[in-house]
Amino acid sequence: MSHLSHDALWELASVPEPALVASHAEAMAHLRGCGECASAFHEVKFARGLIAPVEPPPLSDAAATRIGQALFEAAAKQAVARPWWRWLWPFELHPGFALAAATAALLAVAAYVGTRAPSAPTQQGTAPLAQTQTSQTQPSPNLATPTPVPTPPTRFASVTTARRASEQATPVTRAQKLSEGSTVATAPGGSLWLKLPDGSRAGLTGTSTLTLQSLKEDAVSLELSAGNLVVVAKHDPKRTLSVRAGELEVVDIGTRFVVSKELRRIVVAVEEGEVQVRAPGTTTTVTAGRAVEWRDGRLLEPQGWETKDAPTLGTPAGQPTPSEPAGASVEPSSPRGNSAAPDEDEWATPEALRLKAAPSPNAAEPDTAGQTAALGAEPSAAPNAPAVATAEPLAPTPESSDDAADESFLRKVERKLNRLRSAVRQGVPPINMTPREANAREVERLADEDSCKEALALAERWLKETPAGGDDIGSKKKVLTSQVRCLRKLGKETEATRIEASLKEL
Amino acid sequence: MTALALTFESMTAESMSAEAQLLVDPLRSLAERARDGEAKAFSQLYENTRELAWRALYRVVGPSADLEDLLQESYLQLLKALKSYRGDARTTTFLHRVCVNVGLMHLRSKRRRPEDPTDELPQTVAPASSDPEHQAQLKQAASLAQQALAALSEDKAAVFAYHELLGLKPEEIAELVDCPVNTVRSRLNRARVDFTAEVVRLKGRR
């Protein structure tokens, strides 16, 4: 008795009721009598069932718009980068036509050159020609040798680690030099570490795009178009290091910080040291353990970005942080003053993790870019910076990247950013907004992003907490309008109409 | 109607009039303009095809927090691939190829990396049904299917994805992968065998 082929079993498994189909009757009869085939059919049916079509959830409008915007920018950039001749001739040339045109051009040039060729010299003219030639071979003594113009040194950043990273669609490799003006990008799941000319390091993670605007030793400027950037910078008053992200400019004062840019929001979080964040109409200093979020033209301070050595949280942005020793667990032998094991020290850079294993004897020299030590030593450092004694240098060493440690560090950055985003989504009161106003805005934002169930739940809570005898009418209108929108999206027309009527009374 | 159908069949892509080409592939003009550097045309192409790409990616990688990123990545890859676009394949077929490649690459990279907690993001695509047990079963099934798909060789995984997940016919797949139809059929057969064996193996491990 010959068994059924795998193909036949697969076809049988694709039919909902094979017993009812006449063409499969023979196969079904065989299955009833053959245990081996029946068992194989059961396995095939299970496997086939795993890939049964499932209706995907819809792509949210917010995500679709965000992606569309990013793609438009990418396409526009590519259009700018077209070869120069494409602008002169944007049409697709037929190969034959192009070849004919090129040949005709060559012939024309050859003909032109041929008509201008000098005539052959006569016998009488030989001597003068020889004399002319002789005189021409001897250089004039009055001409000075032109001074060679020194070519400016090419400024570049070095790639220390790269995974799913590219520059102008070309994959980036380790030890590659990226020149000033390059744009690099990482794909989902990708990461990239760069060493900058001043010794600082920049790391990209996730779907990110970064342009190396300026790579002078005394002025490094980066532009983050999208995604997440981590900077580990040594403090050096002789140079500036700035990161531009949308409308924000983040200026390093000697620190370790993260900038994350999304379509509608930019987050700057500081792990160590401080940065100055310049936004339209406002400038603020962000110190270790704090983060700021730029959204809808306002600077907010989300809770949720914590460091072990951070000063007390809750201090509004822009106000000086209290000068207090950074944590009780300061120990001179560790870079962050924390004796936790590398796995628990979530924020140790790869270098710090390695140096913890092999501490350097020359720990306290300010030139070695011990970040927190340098902060304390420099007269221009912020007076309220936490005074942490460090015994080990944190300067990135030239060729000492550790791929696994880098990866681990960037994954931790991503996790912290995600937690911060969750905290932000729960409603963050901006600096000059009451919690009720902030929650009303959050209802509106959730409704905009089609998170209707969350929006309705928050709206219900907000309305229950409305004090009798009046409230902020503007916020109430926002909440009710968002409710109506969401109810309509969920098909609850009756309720939506009822709330709309009460909205008109306001 | 019959005469019209015969006329289309006898024409090559080059000899078809522009109007006829548009009837066969209405997105072709957008794709060509996008290839020539028109950013707006590319945006319009995205708007017209994003649902198709979203479904294709969902079929390949299942419910994943990375779907939106993968959708963006697919179109970025499409933007690069359009440079070599000559209009000889339908635009949607071209897009399918990009989406399947991006999806399969993602599955393979997930297979190489240990499970990352960042995959469990709050932004995970919201399930249609509200039954948590049903959702858990769907998720488990999707995970098993993805792992088995990631274990297939590149050739087999591509053919399997095109036919079983996207419903393309062997003739269309042959055009995509640039090999004879019989090769596609035999590759598909072997892919089914390997997929089933891998599912059984993974199921036995749980």
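Values reported hereafter were calculated over all heavy atoms of this structure, with side chains retained and with hydrogens, waters and symmetry mates removed. Residue numbering restarts at 1 for every chain, and letters A, B, ... go by the order of the sequence lines.
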A.B. asks: Let me know if B/R50 has heavy atoms under 4.5 Å from chain A in its side chain, its backbone, both or neither.
C.D. replies: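 Looking at B/R50, just its side chain touches chain A.
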
A.B. asks: By salt bridge (charged side-chain N to carboxylate O under 4.0 Å, His left out), which residues pair with B/R33, not counting sequence neighbours?
C.D. replies: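 B/R33 satisfies salt bridge (charged side-chain N to carboxylate O under 4.0 Å, His left out) with B/E38 once adjacent residues are dropped.
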
A.B. asks: Tell me, for B/E73 versus chain A, whether the close heavy atoms (under 4.5 Å) come from the side chain, the backbone, both or neither.
C.D. replies: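 The side chain, not the backbone.
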
A.B. asks: For the residue pair B/K40 and A/F72, would you count it as a cation-pi contact if the rule is NZ or CZ under 6.0 angstrom from the ring centre and within 45 degrees of the ring axis?
C.D. replies: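 Here B/K40 fails the 6.0 Å and 45° test against A/F72.
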
A.B. asks: Chain A contacts: which residues in residues 149-168 of chain B have a non-hydrogen atom closer than 4.5 Å to it?
C.D. replies: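 So far as heavy atoms go, B/F160, B/E164, B/L165 are the residues that approach chain A to under 4.5 Å.
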
A.B. asks: Do you know which of B/L71, B/L79, B/L76 has the most heavy-atom pairs under 4.5 Å to chain A?
C.D. replies: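 Ranked by contacts with chain A, first place is B/L79.
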
A.B. asks: Assess whether a salt bridge exists between A/R66 and B/E68, defined as any Lys/Arg side-chain N lying under 4.0 Å from an Asp/Glu carboxylate O.
C.D. replies: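 A salt bridge is present here (some side-chain N lies under 4.0 Å from a carboxylate O).
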
A.B. asks: Who passes ring-ring contact (aromatic ring centres under 6.0 Å, His included) against B/Y46, sequence neighbours left out?
C.D. replies: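 Applying ring-ring contact (aromatic ring centres under 6.0 Å, His included) to B/Y46 gives B/Y75.
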
A.B. asks: Decide, yes or no, whether a salt bridge links B/R185 with B/E171 under the criterion of side-chain N to carboxylate O below 4.0 Å.
C.D. replies: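 Salt bridge between B/R185 and B/E171, a charged N being under 4.0 Å from a carboxylate O: yes.
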
A.B. asks: What distance do B/S64 atom OG and B/Y58 atom OH have between them, rounded to the nearest 0.5 Å?
C.D. replies: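 Here the interatomic distance stands at 10.0 Å.
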
A.B. asks: Hey, is B/R97 close enough to B/E172 for a salt bridge, meaning N to O under 4.0 Å?
C.D. replies: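 B/E172 and B/R97: not salt-bridged.
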
A.B. asks: Side chain, backbone, both or neither: which part of A/A64 has an atom under 4.5 Å from a heavy atom of chain B?
C.D. replies: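 Its backbone and side chain both get close to chain B.
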
A.B. asks: May I have the step-by-step check of side-chain hydrogen bond (donor to acceptor under 3.5 Å, both in side chains) for A/T183 and A/T211, ending in yes or no?
C.D. replies: CA-CA 4 Å; A/T183 297; A/T211 303; 3.1 Å; yes

A.B. asks: Using a 4.5 angstrom heavy-atom cutoff, name the option from B/K83, B/E47, B/E51, B/Q77 with the most pairs to chain A.
C.D. replies: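 That would be B/K83.
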
A.B. asks: Using the salt bridge (charged side-chain N to carboxylate O under 4.0 Å, His left out) criterion, which residues pair with B/R55? Sequence neighbours excluded.
C.D. replies: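 Counting only residues at least two positions away or on another chain, B/R55 forms a salt bridge (charged side-chain N to carboxylate O under 4.0 Å, His left out) with A/E55.
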
A.B. asks: Select, from B/V199, B/L70, B/T196, the one with the greatest count of heavy-atom pairs under 4.5 Å involving chain A.
C.D. replies: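 Highest number of pairs under 4.5 Å: B/T196.
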
